[in-house]
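What follows is a single structure, written as structure tokens, with notes after it.
We count ligands from 1, going down the list as the structure has it; atoms in each ligand are counted the same way.
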Amino acid sequence: MAHKKGFTTTILHSDRLGKPEHGALHKPIHTSVTFGYDDVQDLVDIFQNKKKGYAYSRQGSPTASALETKITAMENGMATITFSTGMAAITSTILALIKKGDHIVASSYLFGNTRSVFQSFIDLGLDFTFVDATSIEEVKKAVQPNTRLLFVETIANPATQIADLEKIGDLCAEKGIIYMVDNTMTSPYLFNPKKVKASLVMNSLTKYIGGHGNALGGSVTDTGLFNWENYPNIFPGFKTQVKPEVFGITQIRKKGLRDAGGTLSPEAAHSISVGSETLALRLERACNNAFALATFFEGHPMIKKVFYPGLQSHPQHKLASRLFLKYGGLMSIELDESIDCFEFLNKLKLVVKSSNLGDTRTLAIPVAHTIFNELGREKRAEMGISESMIRLSIGIEDLDDLLHDFKVALG
Ligand SMILES: *Cc1c(COP(=O)(O)O)cnc(C)c1O
């Protein structure tokens with residue numbers, strides 16, 4: 001009987017099975033910008049999409065490809081393209097697939113920079129509607145005949161709202177809308193968006209997949225579920241060269257990655273690739289730490305509110321239990337008014353005051369003053385972000401050390 005390898009085994013052995021030189025277990029860091037061919041026909045065929053290969057590494061390198069193979073396997077997808085950052089992945093994909101006159105529905109609970117770049121698209125003339133994506137009714141009301149793409153995150157950052165992922169997937173499938181899911185917060189280890197009919201899955205590789213806070217990267221995976229054949233914005237030149245299944249991914253690579261130029265460096269691809277080998281182990285530990293800390297905070301008199309999908313009190317706790325393997329490493333807390341938020345943060349000696357998330361180390365940041373500062377108080381309130389909210393990205397430290405640090409800081 002055919003045996004399907006598990007999540008970690010697949011990632012660990014992926015490079016090796018691609019047969020790198022000398023029996024190496026890692027794909028080498030290929031730094032060449034360009035690639036030469038003995039027969040010019042090979043170069044021409046690569047340009048014309050008739051043959052797989054490399055021409056100029058802005059649109060792909062062997063090291064990035066090896067990582068793309070792994071992400072495709074993790075997401076159970078058809079093909080993946082990597083980018084220099086998660087933001088480059090989002091921006092390039094929208095630039096590649098959307099035209100003037102098209103409409104996009106997006107969750108109003110979004111990563112701050114995603115919301116910011118969507119504002120830039122609005123300023124350029126694209127039409128967006130932002131909705132409470134936890135409610136399918138709200139999402140349905142926002143869809144128009146010219147809606148081409150629907151964008152949601154799995155667990156929103158920082159207030160941990162969970163989009164109604166399954167029902168939105170059904171809606172998009174019925175209406176022929178591209179369903180783009182930002183899976184950064186869950187990562188493919190906790191959640192496979194293809195199960196809820198996602199068309200495109202985006203990941204910030206900077207976060208859990210790379211995992212060590214030492215390289216930036218992003219990716220977009222085509223799950224193979226969307227029917228690109230009649231999608232109106234496919235560039236005519238691609239239609240004659242490639243099969244309809246790969247219209248979308250070809251256009252994202254050429255019009256998105258190649259033209260916008262947000263290319264993942266081979267060095268970063270290598271770092272992320274090595275980091276990804278322990279994704280499951282790190283996340284297991286981070287999720288267990290986060291669950292224990294959320295339970296501790298919930299019972300603490302100095303904590304007013306805890307936002308964590310693993311708690312029964314979380315509005316989408318049942319949905320999270322059904323869809324995700326675990327509840328993630330991210331949570332937010334609101335302190336009692338009697339504690340000064342900055343004083344509390346400065347008392348933390350182990351937890352790092354820092355803006356990243358998905359690192360191996362536990363990081364804390366006051367949300368309203370930093371990552372959501374530009375938005376202003378009113379927009380923050382719409383997104384469920386209070387002025388005293390602190391976001392915590394829980395790492396893989398020993399739990400007792402984390403508990404000790406928070407206990408001391410809470411006094
Ligand atoms: C960090 C993040 C991004 C952007 O990724 P970068 O790699 O920092 O550009 C997008 N979405 C979410 C949910 C993120 O957390």
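- Within the structure, ring pair (Phe, Tyr, Trp, His ring centres under 6.0 Å) pairs that include any residue of residues 354-375 comprise Phe342-His369 (at least two apart or interchain).
- Proximity of the aromatic rings of Tyr179 and Phe226 is defined here by a centroid distance below 6.0 angstrom, and this criterion is not met.
- Between Asp259 and Arg253, no side-chain nitrogen of the basic residue sits less than 4.0 Å from a carboxylate oxygen of the acidic one, so the salt-bridge criterion is not met.
- Ring centroids of Phe406 and Phe297 are separated by less than 6.0 Å, placing the two rings close together.
- Between Phe121 and Phe118, the angle of the ring planes lies from 30° to 60°, which puts this pair in the tilted group.
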At less than 3.5 Å, what protein N or O atoms come close to the N or O atoms of ligand 1? Include the distances to 0.1 Å.
{"residue": "ligand 1", "atom": "5 (O)", "partner": "Ser204", "partner atom": "OG", "Å": "3.0"}
{"residue": "ligand 1", "atom": "7 (O)", "partner": "Gly86", "partner atom": "N", "Å": "2.8"}
{"residue": "ligand 1", "atom": "7 (O)", "partner": "Ser204", "partner atom": "OG", "Å": "2.8"}
{"residue": "ligand 1", "atom": "7 (O)", "partner": "Thr206", "partner atom": "OG1", "Å": "2.6"}
{"residue": "ligand 1", "atom": "9 (O)", "partner": "Gly86", "partner atom": "N", "Å": "3.0"}
{"residue": "ligand 1", "atom": "9 (O)", "partner": "Met87", "partner atom": "N", "Å": "2.9"}
{"residue": "ligand 1", "atom": "11 (N)", "partner": "Asp182", "partner atom": "OD2", "Å": "2.6"}
{"residue": "ligand 1", "atom": "15 (O)", "partner": "Lys207", "partner atom": "NZ", "Å": "2.8"}

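- Between Phe7 and Tyr189, the distance from one ring center to the other falls under 6.0 angstrom.
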